[in-house]
Amino acid sequence: MRLEKWFISNLDDSQRNIIVQNIDKSIAVRGAAGSGKTNLAIHRALQAKNKGSYAILIFTIALKRMIAYGMDVLGLDKERIAYEWAWTHRGFDLTGDVYCQKNPQTGIIMRDVLFLVNDMDVRKFVRTNRTPDSYGVDFADWVDGKFYYAFGRRTSWFEEVTMDTDFSVTDTDNYELIPSGTMYKQTEEKIDYLIVDEAQDFNITDYQSKIKPKVGKSLSLFGDSAQQMNKNGSKIEDIAIALDYDRLSLDYNYRLPKSIAKVAQQIQSSNVDLMSNNRKDGGNSDYPNYPKPVIAKFGSRQEELQGILNRIQMEDLDDVAILVPTEADVMEVNKFLNDNGVQTQVHYRTGNVVPFRTINTLDFSNNDLPCILTYYAAKGSEFDNVFVPFANAANPKDRNSFYVACTRSSRNLVISYSGKRTPYLNDVSKEFITELDYTAK
């Protein structure tokens, strides 16, 4: 997502109506794909910045990375974000690699000092008793038993101290990286202002029992029921009624060009209108100003991937996302591109237990490297060029998930398949798309 897209200028009436709401007032905001929900959620945090403690709660770790980038752009504390698992189990994850000190003679880990390295910034932590202000260490992966023996999981506590050590990540005699180590700050007993993005993926019981009790002053919810991907979630309208919050709406679409919007609303079987209030490029975003979405048939998955690579290279595309149904698909696409000399940004798990065995190299500030994500991990994101391969009838994901994938693009959308095409495209009008058949001889 490009840097400039985090800044909101020329507010429309519905956006202005959100901005002027008193930050001490709890609200529930409904907005369709491309209406600016995530941007407005961050601006809501900006309103709270000087009034008390604030935090943004989201459902997926990938969205956390993207929102952290947006918060940093707007001068907010990018570590005041928690995704659902961390919110429940530990708190706010700090950004950076964790290193421990070791005895240079014996190589044995020393348990009392940790270093957090984020680019050129190094922070030092020393062991202390657990207090509301102490930091914990956790592992986002299965790691060597020596780390568990030294630190346990969420049982060792540290305080930050002045950096007074000559530290270097290349000094392997004195320091050792903890693979998938995570430093985190515990969530406070109460957070004055809590903002929830993709609010429809939490359910009413979550709000009543886990979320609302931790809110000191106000809770702000942003969501879209048509993009609900957690089967245990609740419609944003039902959440607002259950909590007795004012219901507001974001009425305009700024991401999706009309050329994509009219296809996307036919993919989604519910009554979704992405055209009436479409303000992408002042409403001048239909074909031929913007290309029609492409639906391409290939003879095999390998040919689909080769087709994506050819298009990226021939058209010199940047700000690219390749969105796929499963994490196994992410690994397949990533390997294909890496084997062909293309560096990537990815998020996937190699195991079955969240968040163990997690590979996360996402850097939403880098538009040159393609992002490879599952539909689920792509929630809330935006890219100029989106490829959705493996759109087959055997695709295990539901219609909402496929709809989310197809509404991430702000310019080009290419859907491809091999074998039998997904039925989610059955209602798409032929005049709205460009169909290509690479299997024809």
Looking only at the side chains, is there a donor atom on one of D93 and T182 sitting less than 3.5 Å from an acceptor on the other? no
Can you tell me how far the OG atom of S409 sits from the CG atom of N385, to the nearest 0.5 Å? 6.5 Å
Under a 3.5 Å distance rule, please check whether R80 uses its side chain to pair with a backbone N or O of Y54 as donor and acceptor. yes
Is it true that a side-chain atom of D192 and a backbone atom of S53 form a donor plus acceptor pair closer than 3.5 Å? yes
Under a 3.5 Å cutoff, is there a donor and acceptor pairing between the side chains of N334 and Y348? no
When H347 is tested against each of L362, T361, V330, I372 for side chain to side chain contact (heavy atoms under 4.5 Å, CB included), which residue passes? L362
Any luck finding a side-chain donor-acceptor pair between S156 and R127 under 3.5 Å? yes
Is the charged tip of R411 near the ring of Y290: under 6.0 Å from the six-membered ring centre and within 45° of its axis? yes
Cation-pi check, K124 to F115: give yes when NZ or CZ is under 6.0 Å from the six-membered ring centre and within 45° of the ring axis, no otherwise. no
Indicate the atoms forming the closest heavy-atom contact of K49 with L76, along with that distance. CD-CD2, 3.9 Å
Report the residue from I178, L177, D112 that forms a side chain to side chain contact (heavy atoms under 4.5 Å, CB included) with C100. I178
Could you tell me whether the side chains of R90 and Y184 share a donor-acceptor contact shorter than 3.5 Å? no
How long is the straight-line distance from CG of L317 back to CG of N367, given to the nearest 0.5 Å? 12.5 Å
Does the plane of the ring in F139 sit parallel, tilted or perpendicular to the ring in F147? Use 30° and 60° as the thresholds. tilted
Say whether, by atom type as modelled, one donor and one acceptor occur between the side chain of N278 and the main chain of L256 under 3.5 angstrom. yes
Y99 vs Y175, ring pair (Phe, Tyr, Trp, His ring centres under 6.0 Å): CA-CA, chis, key distance, verdict: CA-CA 6 Å; Y99 286 78; Y175 309 106; 7.7 Å; no
Could you tell me whether R247 and E237 have a side-chain N and a carboxylate O separated by less than 4.0 Å? no
For R399 and I267, indicate whether the former's side chain and the latter's backbone hold a donor-acceptor pair under 3.5 Å. yes
Does the salt bridge (Lys or Arg N to Asp or Glu O under 4.0 Å) test come out yes or no for D329 and R301, once each step is laid out? CA-CA 10 Å; D329 298 325; R301 293 167 68 94; 2.8 Å; yes
So which atom in D368 and which in N366 form the shortest heavy-atom distance, rounded to 0.1 Å? N-OD1, 2.9 Å
Going by an N to O cut-off under 4.0 Å, is there a salt bridge joining D24 and K51? yes
Kindly compute the distance separating CE (M229) from CG (D398), expressed to the nearest 0.5 Å. 7.0 Å
Okay, side chain of E304, backbone of F390: is any donor-acceptor separation there less than 3.5 Å? yes
Can you see which heavy atom on P291 is nearest to which on N412, and at what distance? CG-OD1, 2.9 Å
Straight-line distance of S410 OG to R255 CZ, nearest 0.5 Å: 8.0 Å
Compare all side-chain heavy atoms of H43 with those of Q15 and state whether any distance is below 4.5 angstrom. no
Does a sphere of radius 6.0 Å around CG in D121 hold more than 12 heavy atoms from other residues, nucleotides or ligands, not counting ones at 6.0 Å or beyond? yes
If you compare all heavy atoms of K379 against all heavy atoms of Q227, which two are closest, and at what distance to 0.1 Å? NZ-O, 2.8 Å
Going by atom types alone, do T187 and K214 pair a side-chain donor with an acceptor below 3.5 Å? yes
Cation-aromatic face contact K37/F222, 6.0 Å, 45 degrees: no
Establish, from distance only, whether the side-chain atoms of S14 and N17 form a donor-acceptor pair under 3.5 Å. no
Which atom of I56 lies closest to which atom of A41, heavy atoms considered: CD1-O, 4.2 Å
For N392 and A394, indicate whether the former's side chain and the latter's backbone hold a donor-acceptor pair under 3.5 Å. no
Any donor-acceptor N or O pair under 3.5 Å, side chains Y375, N395: yes
Would you say the rings of Y424 and Y403 are close, in the sense that their centroids are separated by under 6.0 Å? no
Beyond-backbone contact of V342 with I312, side-chain heavy atoms, under 4.5 angstrom: no
Taking the basic N atoms (NZ, or NE/NH1/NH2) and the acidic carboxylate oxygens, is any pair closer than 4.0 Å for E327 and K397? no
What's the separation between atom CZ in F158 and atom CG in L114, rounded to the nearest 0.5 Å? 4.0 Å
How close do A378 and L373 get, counting heavy atoms only, and between which atoms? CA-CD1, 4.0 Å
Could you tell me if the side chain of P293 sits less than 4.5 Å from the side chain of I415, heavy atoms only? no
For E198 and Q200, does a side-chain donor sit closer than 3.5 Å to a side-chain acceptor? yes
Please determine whether salt bridge (Lys or Arg N to Asp or Glu O under 4.0 Å) holds for the pair E79 and R123, giving the CA-CA distance in whole Å, both sets of side-chain angles, and the decisive distance to 0.1 Å. CA-CA 14 Å; E79 293 175 348; R123 298 164 65 179; 3.4 Å; yes
Show the numbers, then the answer: is there a side chain to side chain donor-acceptor pair (under 3.5 Å) between Q268 and N400? CA-CA 7 Å; Q268 178 56 269; N400 279 9; 3.0 Å; yes
To the closest 0.5 Å, what do you measure between CD1 (I239) and OH (Y207)? 4.5 Å
